Participant: 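Below is one structure. I have some questions about it.
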Number of protein chains: 2
Amino acid sequence: MNDIHNEEASEESVSPEAALGRVMELSFLMAADMDAGQAKLGLTRARATIMWQLHHSGPTTQRALSDALKVTPRNITGLVDALEGGNFVVRTPHPTDRRAILVKLTDHGAQTAASMETGWHEFAGQLFGHLSGAELEAFLGTLDGVLERLRTVVARSLGA
Amino acid sequence: MNDIHNEEASEESVSPEAALGRVMELSFLMAADMDAGQAKLGLTRARATIMWQLHHSGPTTQRALSDALKVTPRNITGLVDALEGGNFVVRTPHPTDRRAILVKLTDHGAQTAASMETGWHEFAGQLFGHLSGAELEAFLGTLDGVLERLRTVVARSLGA
DNA sequence: CAACATAGTGAATGATATACACAATGAAGA
DNA sequence: TCTTCATTGTGTATATCATTCACTATGTTG
């Protein structure tokens with residue numbers, strides 16, 4: 001994985017480029033930590049994402065998972081195969097639609113998902129728990145503005 | 001790819017969890033936009049990372065690329081194979097070490113890297129260019145504190 | 001020169017992701 | 001009802017990224 005966070009001597013220490021560099025590094029390190037946590041639970045990133053979705057939405061069809069994760073249905077089939085092999089989920093028939101399959105967490109899967117939930121809150125606390133209410137509010141305000149701009153950039157980038 | 005950015009109704013709108021959720025969304029959208037830009041140049045994420053490294057460090061041995069990207073040497077071999085096949089880089093003998101190979105950008109590769117550089121600055125401007133100096137400074141200050149904590153968390157997570 | 005370390009690659013494998021084709025089922029209309 | 005069309009999931013094939021292990025060629029050191 002990439003790990004290149006150059007801080008060019010020629011760049012000012014406060015600049016859009018500096019902010020982008022920091023955010024990239026943040027993103028990289030967060031992913032590394034979350035991957036490590038998921039691996040400790042016997043999960044990969046993609047599989048953990050499905051677990052997270054099931055944990056928050058309950059039993060879900062593979063089609064719905066495909067929509068939620070924005071990946072192809074075929075990909076979901078493979079990920080659910082792996083999760084089923086690890087006894088994290090089971091496939092059950094859909095009560096009304098015989099084409100569809102409901103994926104649901106096993107007891108073991110539910111326990112794993114609960115650990116993920118706990119880890120999520122701990123992680124949030126470790127990263128942002130030290131901030132004062134005012135500082136956190138200011139940070140979120142700036143972040144929301146950036147996110148809004150980013151969403152329009154992405155929409156244009158993927159739409160065009 | 002994951003695309004789950006739940007904003008739980010039960011969570012306060014200003015909280016560590018809210019911040020983590022926003023940062024995750026930011027990270028996801030940034031990756032999507034950058035992937036799209038790289039694809040437009042005929043590159044994937046991993047290949048673009050090598051291009052970026054070569055652009056900023058000049059001709060580099062595969063071993064050094066392996067260290068910089070923190071991936072196995074074998075992986076670098078494959079990525080350089082692909083970049084060589086696309087005429088982005090050439091392998092040249094190392095002047096003093098006959099075991100080693102210097103990977104360097106072709107003209108086409110250098111032009112592509114220059115486009116990446118331009119895109120990077122544009123992207124930074126689009127995301128953060130609207131912020132006042134004070135707001136940017138505050139944002140960076142908070143971010144640096146978060147990064148520092150994250151680094152220790154990651155070090156512990158990967159060291160243990 | 002012997003012993004060890006380093007640089008790169010072949011072979012095998014795993015995880016993620018896609019496209020295409022297809023069977024089974026559902027839904028809507030004639 | 002029966003035909004038509006859409007939807008759900010999966011088999012097959014392929015691409016990319018990434019790893020481990022084994023190996024050759026070369027450098028380095030005692």
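Everything quoted here is computed from the prediction, not taken from an experiment. Below, each value reflects all heavy atoms present in this structure, side chains not excepted, and no hydrogens, waters or symmetry copies. Note on naming: letters A, B, ... go to the chains in the order of the sequence lines (proteins, then strands), and numbering restarts at 1 for each one.
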Participant: What ring pair (Phe, Tyr, Trp, His ring centres under 6.0 Å) pairs are there with at least one residue in residues 62-86 of chain A, not counting sequence neighbours?
Facilitator: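 As it turns out, there is no ring pair (Phe, Tyr, Trp, His ring centres under 6.0 Å) pair with a partner in residues 62-86 of chain A once direct neighbours are skipped.
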Participant: Taking atom P of C/dT18 as reference, at what distance in whole Å does atom CG of B/Asp35 sit?
Facilitator: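 Answer to the nearest Å: 12 Å.
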Participant: Can you tell me how far P of C/dG8 sits from CD1 of B/Ile50, to the nearest Å?
Facilitator: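 After rounding, the gap between these two atoms is 12 Å.
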Participant: Nearest 0.5 Å, what's the CG-CG distance between B/Asn75 and B/Leu69?
Facilitator: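 If I round to the nearest 0.5 Å, the distance is 8.5 Å.
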Participant: What is the distance from CG of B/Leu69 to P of D/dT16, rounded to the nearest Å?
Facilitator: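 Taking atom P of D/dT16 as the reference, CG of B/Leu69 is at 18 Å.
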Participant: Check this one for me: any side-chain N or O of B/Arg47 less than 4.0 Å away from OP1 or OP2 of D/dT16?
Facilitator: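 Yes, within the criterion.
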Participant: Sorted by first residue and then second, give each ring pair (Phe, Tyr, Trp, His ring centres under 6.0 Å) pair with at least one member in residues 64-100 of chain B; sequence neighbours left out.
Facilitator: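 Applying ring pair (Phe, Tyr, Trp, His ring centres under 6.0 Å) to every pair that reaches into residues 64-100 of chain B, excluding sequence neighbours, yields B/Phe88-B/His108.
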Participant: Classify the ring geometry of B/Phe139 against A/Phe139: parallel below 30°, tilted from 30° to 60°, perpendicular beyond 60°.
Facilitator: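 If you compare the ring of B/Phe139 with that of A/Phe139, the planes turn out parallel.
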Participant: OG1/B/Thr61 to CD1/B/Ile101 distance, rounded to the nearest 0.5 angstrom?
Facilitator: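 Between atom OG1 of B/Thr61 and atom CD1 of B/Ile101 there are 9.5 Å.
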Participant: Rounded to the Å, how far apart are A/Leu79 CG and C/dA17 C1'?
Facilitator: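 The answer, rounded to whole Å, is 9 Å.
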Participant: Measure CG/B/Asp67 against P/C/dT6 and give the value in whole Å, please.
Facilitator: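 That distance rounds to 11 Å.
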Participant: Test of understanding: with salt bridge (Lys or Arg N to Asp or Glu O under 4.0 Å), list the residues that count as partners of B/Glu84, not counting sequence neighbours.
Facilitator: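 B/Glu84: salt bridge (Lys or Arg N to Asp or Glu O under 4.0 Å) contacts with B/Arg91.
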Participant: Could you tell me the separation between the CG atom of B/Leu43 and the P atom of D/dA15, rounded to a whole number of Å?
Facilitator: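 In whole Å, D/dA15 P and B/Leu43 CG are 18 Å from each other.
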Participant: Which heavy-atom pair separates A/Ala113 from A/His55 by the least distance, and what is that distance?
Facilitator: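 That would be CB-ND1, 3.5 Å.
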Participant: Choosing from C/dG8, C/dA17, C/dA15, which nucleotide comes nearest the side chain of A/Thr44?
Facilitator: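 For A/Thr44, the side-chain atoms sit closest to C/dA15.
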Participant: Starting at the 5' end of nucleotides 25-30 of chain D, put B wherever the base has a protein heavy atom under 4.0 Å, S where only the sugar-phosphate does, and a dash everywhere else.
Facilitator: BBS---
Participant: Taking for each residue the nucleotide of DNA chain C bearing the nearest heavy atom, is the 5' side occupied by A/Thr72 or by B/Ala100?
Facilitator: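 The residue mapped nearer the 5' terminus is B/Ala100.
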Participant: Remember a base hit wins even if backbone is also touched, and classify A/Ser66 as base, sugar-phosphate or nothing at under 4.0 Å, heavy atoms.
Facilitator: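 No contact.
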Participant: Can you measure A/His94 atom NE2 to C/dA24 atom C1' for me and round it to whole angstrom units?
Facilitator: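 For the pair A/His94 NE2 and C/dA24 C1', the rounded distance is 16 Å.
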Participant: How far apart are the C-alpha atoms of A/Leu150 and B/Glu25, what are their side-chain angles, what is the distance that settles it, and do they pass the side chain to side chain contact (heavy atoms under 4.5 Å, CB included) test?
Facilitator: CA-CA 10 Å; A/Leu150 179 51; B/Glu25 183 175 1; over 6 Å; no
Participant: List every contact pair, protein side and nucleotides 9-11 of chain C side both N or O, where the distance is under 3.5 Å.
Facilitator:
| from | atom 1 | to | atom 2 | distance (Å) |
| --- | --- | --- | --- | --- |
| C/dT9 | OP1 | B/Arg91 | NE | 3.4 |
| C/dT9 | OP2 | B/Gln62 | OE1 | 3.4 |
| C/dT9 | OP2 | B/Gln62 | NE2 | 2.6 |
| C/dT9 | OP2 | B/Thr77 | OG1 | 2.8 |
| C/dT9 | OP2 | B/Arg91 | NH2 | 3.4 |
| C/dG10 | N7 | B/Arg74 | NE | 2.8 |
| C/dA11 | N6 | B/Arg74 | NE | 3.4 |

Participant: side-chain hydrogen bond (donor to acceptor under 3.5 Å, both in side chains): which pairs involve residues 122-134 of chain B, sequence neighbours left out?
Facilitator: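 Found A/Arg149-B/His130.
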